[in-house]
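Single-structure report; data block below.
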Amino acid sequence: MRQLAKVTTGLLLIAALASCGGKGQPDDAGGSSSSSESSSSASSSDDKDKPDSTESTEGKPDTKAKTLTGTISDGVEPGCLMLKSDGVKYQLVGDATKKLKSGMKVEVTGKVSDNNMSTCMEGTVFEVDTVEKVS
């Protein structure tokens, strides 16, 4: 009986793995492709994702220092500070933001960060270097 249970479990595992193998693959009406064809097409598609030295920076975060002006607001998650400037919502992070409160009018200097993970789930992460109150 124990032997039958092992064989049944093994067959179920093989069937599950076999059904997963074809997902995401286009149906090839011309027969099966060789592994060398698959790997060469995979590497050529990977090359599309690699940055080219002539590639434009359009769509990438601007990591140059910039100054934003606006009114601080609370984010949808606790402890998240937001600032809307020129129609863009920014999540303010960094030591310089510790004394900021919702409703304050400020001018902040810093840069957009694409290296920070956030639980705020809104806005573009902006690393603040300096803060000045604006009246």
Side-chain angles (χ1 to χ4, degrees):
M1 192 67 170
R2 196 178 302 162
Q3 187 78 11
L4 180 61
K6 287 181 182 179
V7 170
T8 304
T9 302
L11 289 174
L12 287 173
L13 186 62
I14 290 170
L17 290 173
S19 69
C20 291
K23 288 187 180 177
Q25 300 288 333
D27 208 357
D28 188 7
S32 65
S33 64
S34 70
S35 62
S36 64
E37 288 174 350
S38 296
S39 64
S40 67
S41 67
S43 66
S44 66
S45 68
D46 289 346
D47 292 343
K48 293 176 190 171
D49 296 334
K50 293 180 183 172
D52 184 6
S53 60
T54 60
E55 186 177 321
S56 86
T57 57
E58 198 171 312
K60 294 182 182 176
D62 182 8
T63 56
K64 296 176 187 170
K66 58 182 1 179
T67 301
L68 307 174
T69 304
T71 303
I72 301 294
S73 63
D74 290 326
V76 295
E77 297 292 329
C80 297
L81 294 174
M82 309 306 293
L83 180 105
K84 192 168 185 178
S85 179
D86 295 327
V88 179
K89 187 183 276 190
Y90 295 93
Q91 176 200 343
L92 305 180
V93 297
D95 289 337
T97 65
K98 290 184 179 184
K99 294 183 180 181
L100 296 178
K101 304 267 187 240
S102 183
M104 292 175 73
K105 293 183 182 187
V106 294
E107 180 178 273
V108 296
T109 305
K111 62 184 176 179
V112 171
S113 172
D114 58 351
N115 295 326
N116 280 342
M117 293 182 69
S118 169
T119 58
C120 292
M121 299 184 210
E122 64 179 318
T124 301
V125 177
F126 190 81
E127 292 181 38
V128 178
D129 294 324
T130 63
V131 176
E132 285 188 46
K133 285 187 180 181
V134 178
S135 46

ask   = In terms of hydrophobic clustering (I, L, V, M, F, W, Y; side-chain heavy atoms under 4.5 Å; direct or indirect links), are Val125 and Tyr90 co-clustered?
value = no
ask   = Any idea which heavy atoms bring Gly75 and Met82 closest together, and the distance?
value = CA-CG, 3.6 Å
query = Could you give the distance from CG (Leu81) to NZ (Lys101), rounded to the nearest 0.5 Å?
reply = 8.5 Å
inquiry  = Distance check, rounded to the nearest 0.5 Å: Lys105 atom NZ versus Leu83 atom CG?
reply    = 12.0 Å
task = State plainly whether one hydrophobic cluster holds both Val131 and Phe126, where clusters connect Ile, Leu, Val, Met, Phe, Trp and Tyr through side-chain heavy atoms under 4.5 angstrom apart.
result = yes
query = What residues form a side-chain hydrogen bond (donor to acceptor under 3.5 Å, both in side chains) with Ser102, not counting sequence neighbours?
reply = none
query = If you measure from CG on Asp129 to OG1 on Thr97, what distance do you get to the nearest 0.5 Å?
reply = 11.0 Å
Selection residues 67-84 - residue pairs positive for salt bridge (Lys or Arg N to Asp or Glu O under 4.0 Å), sequence neighbours left out = none
message = Asp86: which residues meet the salt bridge (charged side-chain N to carboxylate O under 4.0 Å, His left out) condition with it, sequence neighbours left out?
response = none
Residues in salt bridge (charged side-chain N to carboxylate O under 4.0 Å, His left out) contact with Lys133, at least two apart in sequence or another chain = none
request  = Specify the closest pair of heavy atoms between Val106 and Val134, including all atoms of both residues, with the distance to one decimal.
outcome  = C-CG2, 3.6 Å
ask   = Going only through I, L, V, M, F, W and Y residues with side-chain contacts under 4.5 Å, is there a path from Leu100 to Val93?
value = no
remark   = Applying salt bridge (charged side-chain N to carboxylate O under 4.0 Å, His left out) to Lys89 and not counting sequence neighbours gives Glu122
remark   = For Thr71, the side-chain hydrogen bond (donor to acceptor under 3.5 Å, both in side chains) test, sequence neighbours excluded, returns none
